[in-house]
Amino acid sequence: MKPATDALIVIDVQNDFCPGGALAVAGGDEIISRINGLMGDFATVVLTQDWHPANHASFAANHPGAEPFSLTTMPYGPQVLWPTHCVQGTAGAEFHKDLRTDPAQLVIRKGFRPEIDSYSAFFENDHNTPTGLEGYLRSRGVTALTLVGLATDYCVAYSALDAARLGFNVTVLEGATRAIDLNGSLAAARAEMQAAGVRLT
Ligand code: VGL
Ligand code: ZN
């Protein structure tokens, strides 16, 4: 058992990020048994859920003529336009059926505002609008985070970088993550995380 100051943050282990899903991450389902096993080691377990309305601005389908995986510019900066995924209330947004959810005390949903994406579990993509997770963790005395889940180079990396910036001691268990790896995004995310003092193991 880890000390009570340690929390496990399980990022977006949802059907749409697993094989067969709308934004499938290669091998996304391979990490689930490992994550389930880890849950027993942590007194605090948080799950995140990408949770978009159908009219979300991050969907290529909502930008006439735009291809999935192309880049656009939003008021808050560059934004990848994704295939429609994790729409609120759909099967694709549900957690993978093999993921244990009972040990989690908190499920944090993100990306629910139509006009702004939220990769990070802590802040939306403007790097300013909080999700509330920081307050939850701090008020429970948590100082160290272990991050696992999908995808390494987007939601896991953005969460890890924000957490490090907020002063948490952050470890990403790379073996319990899988990446999208769009145009070198995995290498870039790893370098950024290392530079920010995130431990990659
Ligand atoms: C994610 C792209 C779009 C993720 C979520 O969970 O990494 N990636 N929405
Ligand atoms: Zn999303």
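Numbers here are sequence positions counted from 1. Note that ligands are numbered from 1 as they come in the structure, with each ligand's atoms numbered from 1 the same way.
- Annotation for ligand 1: atoms under 4.0 Å from non-hydrogen atoms of C155 are 1 (C), 4 (C), 5 (C), 6 (O), 7 (O).
- Atoms CD1 and OH, on I11 and Y119 in that order, are 14.0 Å from each other to the nearest 0.5 Å.
- Residue contact check: D50 has heavy atoms under 4.0 Å from atoms 5 (C), 9 (N) of ligand 1.
- Those atoms of ligand 1 with a heavy atom of A151 less than 4.0 angstrom away are 4 (C), 6 (O), 7 (O).
- Using a 4.0 Å cut-off to heavy atoms of H85, the atoms of ligand 1 that qualify are 3 (C), 9 (N).
- The shortest separation from a heavy atom of Q14 to ligand 1 is not under 4.0 Å, leaving the residue out of contact.
- With 2.8 Å as the limit, H56 does not count as an N, O or S neighbour of the Zn ion (ligand 2).
- Of the N or O atoms in W82, none lie within a sub-3.5 Å distance of an N or O in ligand 1.
- Between Y158 and Y154, the ring planes are parallel. Angles under 30° get that label, and only those over 60° would be called perpendicular.
- For residue C155, no N/O/S atom approaches the Zn ion (ligand 2) to within less than 2.8 Å.
- The shortest N or O to N or O distance between H52 and ligand 1 is not under 3.5 Å.
- Those atoms of ligand 1 that come under 4.0 Å of a heavy atom in D12, given as number and element, are 4 (C), 6 (O).
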